[in-house]
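Structure, as structure tokens:
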Number of protein chains: 2
Amino acid sequence: MVDGTLPEQIATRLRRDILRGKLPPGAPVKERDHAAELGVSRTPMREAIRMLAKEGLVQLRPARSPIVAKPSFEDVAHNIEVMAALEVLSARLACQRASDAEIDEIAEVAGRMERDYDKLDRLDLFELDMSFHRAIARAAGNPVLDETHGALLARLWRARYLSASRKRSRDRVLRQHADIVTALRARDAVAAQTSVQAHLDHLLVNVVDVFDAEEAEPAPAEK
Amino acid sequence: MVDGTLPEQIATRLRRDILRGKLPPGAPVKERDHAAELGVSRTPMREAIRMLAKEGLVQLRPARSPIVAKPSFEDVAHNIEVMAALEVLSARLACQRASDAEIDEIAEVAGRMERDYDKLDRLDLFELDMSFHRAIARAAGNPVLDETHGALLARLWRARYLSASRKRSRDRVLRQHADIVTALRARDAVAAQTSVQAHLDHLLVNVVDVFDAEEAEPAPAEK
DNA sequence: CAAGGAATTTTGGTATACCAAATCTTCTTC
DNA sequence: GAAGAAGATTTGGTATACCAAAATTCCTTG
């Protein structure tokens with residue numbers, strides 16, 4: 001990820017700071033200060049902030065400092081609801097249109113995740129899980145679907161990052177991934193849609209747990 | 001629509017020029033020229049162009065002038081495919097969650113459209129049809145769904161604007177709208193989803209016609 | 001006359017300076 | 001001492017000036 005465009009570099013940097021908790025929810029994102037801190041001018045910083053706003057990581061307010069978004073449980077639930085619809089559609093279309101190679105690729109991601117589950121840290125696992133879902137969306141052969149799904153998934157980064165740490169869901173997640181791959185291989189659209197929906201339903205349950213845990217211990221901020 | 005923020009005003013202006021054909025597909029959108037023409041500086045023009053890019057109306061290219069997008073038939077079909085999934089979800093959720101007042105509002109739009117169909121020009125009809133679909137998405141009670149749907153619908157402006165001129169589909173469109181309203185009133189999720197899906201399927205057919213017609217007569221550009 | 005290259009021009013990217021609105025602070029007054 | 005108003009300051013919005021890369025044009029040369 002050695003990308004060239006400056007605003008994207010800034011956005012990547014800010015995104016990391018937000019996800020890792022260096023910029024906690026509610027913190028103001030003043031373009032002057034952050035621009036100075038990174039040694040860039042306000043113009044690209046401005047554009048970077050807009051990008052993060054589009055991803056839902058920061059919240060723009062009229063005539064006010066943008067602040068780091070603090071997604072409520074309802075926000076996350078709403079996101080997952082839409083994500084589920086898109087992934088169910090992806091699964092159905094993938095059964096019709098995906099090449100065998102694309103399905104192999106999905107299976108490969110699932111396989112690597114299963115093989116290395118205990119070797120990898122939770123950030124790596126998180127990335128793997130993301131790419132599994134991205135691969136399904138891509139296999140649907142609909143660029144608009146792929147792009148929309150990507151935008152939505154980006155919004156869920158923080159919530160999914162937290163919920164990925166729930167290692168106890170390991171067996172269920174791996175089994176559900178395997179179910180999805182099996183259904184895709186069989187080109188069984190009904191089974192694929194059902195499996196994907198079930199997987200996302202469980203993600204919602206996990207997120208409920210995370211929010212409950214956060215409520216118990218309010219500030220996990222890992223500097 | 002007397003909105004305040006300058007970039008949005010510019011975006012609205014540019015969007016109209018693009019949709020009305022003053023800026024034909026493929027035309028470059030040079031920020032210097034257009035900024036000078038509107039008497040504003042490049043900074044807000046820049047932001048306006050990014051907005052239109054997000055809507056898919058213009059296409060950003062690295063180190064090159066952005067150009068007015070010329071969506072292929074495949075692009076539009078892919079958009080409609082995703083839209084259909086979102087509207088089907090909207091219909092299902094609306095059956096569960098919408099208030100009676102929200103359904104009344106949807107019915108009101110459909111009713112006005114039916115009542116005034118012959119009095120209104122096609123641009124007004126187009127706006128009415130858009131608001132019908134927006135109202136359904138809003139009635140689902142999921143802001144993320146509403147927002148995503150809005151973004152996608154914005155991308156379809158041009159295609160839908162053209163297809164709205166197909167007056168011969170009048171009866172079918174009105175009947176389908178009525179079907180949807182009936183299903184929502186009955187809180188019949190299955191019927192609502194089926195009606196919405198059918199409606200969108202026919203939209204796709206209309207778009208096919210429009211593209212065929214365009215292929216016959218390539219440049220409708222109304223200066 | 002054609003082909004290649006260099007210079008100029010065009011264009012987006014970035015930095016900076018200025019402005020207006022909103023906020024916060026402080027001083028005055030009751 | 002508290003409340004309100006006025007001024008100072010902070011902050012995002014906008015305009016403009018500068019820069020680097022890319023495209024185009026024109027000149028030179030074979």
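Hydrogens, waters and symmetry mates play no part in the numbers below; they use all other heavy atoms, side chains included. Chain identifiers are assigned alphabetically (A, B, ...) following the order of the sequence lines, protein sequences preceding nucleic acid strands; residue numbering begins at 1 within each chain.
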Per-pair distances, 0.1 Å, donor-acceptor, side chain in residues 51-62 of chain A, under 3.5 Å, sequence neighbours excluded:
{"unit_1": "A/Glu55", "atom_1": "OE1", "unit_2": "A/Arg15", "atom_2": "NH1", "d": "2.7"}
{"unit_1": "A/Glu55", "atom_1": "OE2", "unit_2": "A/Arg15", "atom_2": "NH1", "d": "2.5"}
{"unit_1": "A/Arg61", "atom_1": "NE", "unit_2": "A/Ser65", "atom_2": "O", "d": "2.9"}
{"unit_1": "A/Arg61", "atom_1": "NH2", "unit_2": "A/Ser65", "atom_2": "O", "d": "2.7"}

- Query: With sequence neighbours left out, what residues match A/Glu105 under side chain to side chain donor-acceptor pair (under 3.5 Å)?
  - Reply: A/Arg138

- For every nucleotide of nucleotides 7-13 of chain C, 5' to 3': is a protein heavy atom under 4.0 Å from its base (B), only from its sugar-phosphate (S), or from neither (-)? ----BBB

- Note on the structure: Hits for side chain to side chain donor-acceptor pair (under 3.5 Å) against A/Asp201, two or more places apart or cross-chain, chain-then-number order -> A/Gln197

- Query: Between B/Ser41 and D/dA15, does any side-chain N or O lie under 4.0 Å from OP1 or OP2?
  - Reply: yes

- Query: In chain order, what residues pass the salt bridge (Lys or Arg N to Asp or Glu O under 4.0 Å) check against B/Asp75, with sequence neighbours excluded?
  - Reply: none

- Message: Please enumerate all residues that pass salt bridge (Lys or Arg N to Asp or Glu O under 4.0 Å) together with A/Glu147, with sequence neighbours excluded.
- Response: B/Arg155

